[in-house]
Amino acid sequence: MQILITMQTMDYNHREIEKKWQKYWKDNKTFHVDIDHDKPKFYVLDMFPYPSGAGLHVGHPLGYIASDIFSRYKRHLGFNVLHPMGYDAYGLPAEQYAIQTGTHPAVTTEKNIKRYRQQLDQIGFSYDWDREVQTCDPKYYKWTQWTFIQLFKSWYNKKSNNAESIDALIKTFEREGNRNIEAAASQEEVFTADDWKQMDEKQQQEILMHYRLAYLSDTMVNWCPELGTVLANDEVKDGFSERGGHPVERKRMKQWSLRISAYAQRLLDGLEKIDWFDSLKEVQRNWIGRSEGASVMFSIDGFDETIEVFTTRPDTLWGATFMVLAPEHELLEKITGKDQKEKVEKYIHWAKNRSERDRISEVNKITGEFTGAYGINPVNGEAIPIWVADYVLSGYGTGAIMAVPAHDSRDFKFAMHFDIPIIQVVKQENEEISDPRTWEDSYDARDGLMINSGFITGKAVEEGIKATIEWLEEKELGEGKVNYRLRDAIFSRQRYWGEPFPIYYKEGMPYPLDESELPLELPDVDKYLPTESGEPPLARAKDWQTKEGYPLETNTMPGFAGSSGYYLRYMDPQNDRAYFSKEANTYWKDVDLYLGGDEHGTGHLIYARFWNMFLYDLGLVCEEEPFKKLINQGKIQGRSNFVYRVEGRNQFVSKGLRKEYNTTPLHVDIKLVENDVLDVEAFRQWRPEFADAEFILEDGKYICGWEVEKMSKSKHNVQNPDELIEKYGADTFRCYEMFLGPLETHKPWDTQGIEGVYRFMKKLWRLYHDKENNFLVSEDKPNKDELKVLHNTIKKVRNDIERYSFNTVVSNYMICVNELTDLKCNKRAILEPLTVLLSPYASHMAEELWSLLGHEGSISEVEFPEHNEEFIRENTFAYPVSFNGKMRFKIELPLDVSKDDAEKAVLGDERSEKYMGGKQAKRFIFVPKKIINIVL
RNA sequence: GCGGAUGUGGCGGAACUGGUAGACGCGCUAGACUUAGGAUCUAGUGCCUUCGGGCGUGGGGGUUCGACUCCCUUCAUCCGCACCA
């Protein structure tokens, strides 16, 4: 023990230093921020975590460290930095655990949050914890509920492109009906003011429901029986739930939805003014899925109804030889002929009961039935058969299409399969016309000339599209239209652990609670399961009704509800009269830098933008886009190790020799391996079955194989930050996570490399200390070399942080410390600025050194050093001299050397003779301060 | 199928607007100090080489005095979306 203590005090003692400064920061509220109009604001945000039971692994803090470094850096530059943290506390795992064990999810969540906080604190983050939010806290979700009520009370006016109040809409209805209203609405039946006044309240409420931005409707939902709830589109992957991987079915249910589709165009346009990765913007563009085309009305032979279709290729109308309706299409029942009824009903039944998985896996299976009805092609009056087939989706467009087999590959396959005529209407410029039935596939491209197409024959495709739309609009048979793939967000979950809706029911119609009754707190229940009759868990709550006795909504809100506006609440987290004050919002405005994983590209990041835009329309927030700059940090992958078991034996062969045996690779815990060398004794003790394992070694060692994989328990490659921080300290850990590689790329975690960074830390410490670890800094004037090292480093570090190149900053620190060590420099004039320079990364050590240097208070607000070009400037430059582009030697020349003098010097240099080979230089390339190239 | 990203030593990666490819670190080799070293320090380390030099940034082609960087083409890996009319 005595020896250990001596050893520790001999050198850099991260344990003591880090504990000391973490306490200091906490006691002094060093990172507490308030509005300060004398300073410019800067808002750095991390995507807040769901506190899972497993705690943090090495991959989680990567983004937090980067954002912390940036926050600290900005603080040094004099910004008032808002850098908060909180928890996305509602979530399925705690609820699943509650179902299994009866433990209230709040208990589990609280426990996990404590653990998260402890782990986060160890890393030394500069969060303002006074601003912490938890989405499951009634003080927080009061405002989630409040926003829902605002959505309920709003509609989207397409004329003003704004969310507006339902009360005002009602006034308009009373005055003039809805004929002049252009709304993003689910139904567009026209009524007059008189009609409106004739309706009873229920009817009026039903009409209004079609306009509300939060509305209740019968929708096809992704139902997950295992989880007992519906899921949003982005929560479903390949027909399985994203969380848990359970199968998902389509089901018709009454659900709350948010009319996010009203904002599709603005969500698309907004991408232009924000600084995000193009790849992420592209993901959002795809998700919004804008396509331009036309809606065309087809009348039905023998019926009054019409079928509306959406097409991006109205030019190919003359090639439409049949129509297809989705199995869910409402007209099917009406138009199906007597003779076809049985078959069509059977088909619809089959299609509706087909699981999502089957649909996906059997994409190439061609199925469908003829309905017996005919649609009339508006351009030429021809009757074309109407089919039903599930390759047409009810959720997109109108759920009905015109099929142009010659120019759409799905229609082509369908027509070939069912022997429906195919008419070519577009040809390539020099194409010989052939029978489409002999083609391998349709011709889908948007270029070529129109043929067989009435008045557009001979036109190019794009012109044909334009002309057809004009014609359709003139005849009132259709119109140009933009369609979006983005669907309204289903907002109900049949779950317990979520925000209750501030909604009660009167005569079956939903009404919002009065705002004074918020928050509507989550009630206790006896079990976290649905009721026997299939009602959501909240139906089990006693007295789940208003004071007046009206029943309350039993669904709860989805995970993305609480996370859609949390960045706003951080601006003014204690406010109990408003979501946030006007003052706070006009000061903090928006997030300047947002860091998080790219898995939120189509979920959270779309919902949050929508949420923000809505509040912007209400005039509550001052910026339309909430996240000015966004960086997706890459995932840290695991590096797994393998041992090779000889088949049928308890014998393991080292990697290099495994080819000589028949082996099976087994994951081995990375804790038992160092440098890919297995600790065979530890391995024997790892598991009873390996107790008498035998080993075939190479060079006396057992070498393991390795592979980069996802970090997971089952692969035994999880690296937990706690152990690393205990061993190397938070500063080393912070630097190493950054040193690993560029922030945005995925990279494997290498257990070894951290040693190198730790060595750097100790070397840095030693700059300020003598051999006995006594603090020793000289007051001598720095020399030129020392100043050059310092100022070069300042320049590079600033430049690299500014461009988010967090990894190269660490390299620059290392170079600087290596050079100062070589120069044996321990001068205050150099080390003091260096300490500040290091502070964003090695924050604890910087504080300690700063106080050892004799300063009071925290280093965190000390001005960041600026480089002085004078100290960097050189009088000469060592020009690399190339011959035909190959660098051969260097020549020192004055900085202001002229081209002629340079040429003389180079050609006069004896080293040149060899490379000239007696030839004349054809050209002499001279780029000042870059390079000299001689072309022979 | 569509879209996106990535490809540089044994490994992680540097090279910011075309200008010395391989910074920095790991690992490895040799040496020093040491009872010892998984501590520390020093030197070396892209590949090939007849020691002159040659070859090198996934492959092929192009632009250029000069290409990891720009253009075309091709391959590989990873990640999204996926019957979207």
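Chain letters run A, B, ... following the sequence lines, proteins first, then strands; residues in each count from 1.
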(message) Counting the atoms with a prime plus P, OP1 and OP2 as sugar-phosphate, which does A/Val927 contact under 4.0 Å by heavy atoms, base, sugar-phosphate, or nothing?
(response) base
(request) With heavy atoms under 4.0 Å as the rule, sort A/Arg766 into base, sugar-phosphate or nothing. (result) sugar-phosphate
(request) State whether a side-chain donor-acceptor pair under 3.5 Å links A/Ser291 with A/Tyr396. (result) yes
(request) Check the side chains of A/Tyr347 and A/Thr367 for a donor-acceptor pair under 3.5 angstrom, ignoring hydrogens and angles. (result) yes
(request) Determine, for nucleotides 23-32 of chain B in 5'-to-3' order, which nucleotides have protein heavy atoms under 4.0 Å from the base (write B), from only the sugar-phosphate (write S), or from neither (write -). (result) BBSSSS----
Between [atom2] on [N] and [atom1] on [X], what's the gap in Å once rounded to a whole number?
| X | N | atom1 | atom2 | value |
| --- | --- | --- | --- | --- |
| A/Gln637 | B/U77 | CD | P | 16 Å |
| A/Lys413 | B/A85 | NZ | C1' | 14 Å |
| A/Asn933 | B/U20 | CG | C1' | 12 Å |

Between side-chain atoms of residues 634-641 of chain A and protein atoms elsewhere (two or more places apart, or another chain), which donor-acceptor pairs fall under 3.5 Å?
| unit_1 | atom_1 | unit_2 | atom_2 | d |
| --- | --- | --- | --- | --- |
| A/Gln637 | OE1 | A/Lys747 | N | 3.4 |
| A/Arg639 | NH1 | A/Asp676 | OD1 | 2.9 |
| A/Arg639 | NH2 | A/Asp676 | OD2 | 3.2 |
| A/Ser640 | OG | A/Glu709 | OE1 | 2.5 |
| A/Ser640 | OG | A/Asn717 | ND2 | 3.0 |
| A/Asn641 | ND2 | A/Asp676 | OD1 | 3.0 |
| A/Asn641 | ND2 | A/Gly705 | O | 3.1 |

Pair partner, [N] [Watson-Crick or wobble, under 3.5 Å]:
| N | result |
| --- | --- |
| B/C33 | none |
| B/U45 | B/G27 |
| B/G18 | none |
| B/C2 | B/G80 |

(request) Run the salt-bridge test on A/Glu292 and A/Arg290 with the 4.0 Å N-O cut-off and return the result as yes or no. (result) yes
(message) My understanding is that only residues two or more places apart in sequence, or in another chain, count here; which of them pass side chain to side chain donor-acceptor pair (under 3.5 Å) with A/Ser712?
(response) A/Ser714
(request) Only counting residues at least two apart or in another chain, list the ones meeting ring pair (Phe, Tyr, Trp, His ring centres under 6.0 Å) with A/Trp439. (result) none
(request) Mind running a 4.0 Å heavy-atom check of residues 393-403 of chain A against RNA chain B and sending the residues that fall below it, in number order? (result) A/Leu393, A/Tyr396, A/Ile401
(message) Please enumerate all residues that pass side-chain contact (heavy atoms from CB on, under 4.5 Å) together with A/Ile423, with sequence neighbours excluded.
(response) A/Thr321, A/Val425, A/Asn452
(request) Name the orientation of the base relative to the sugar in B/G52: syn if the glycosidic angle is within 90° of 0, else anti. (result) syn
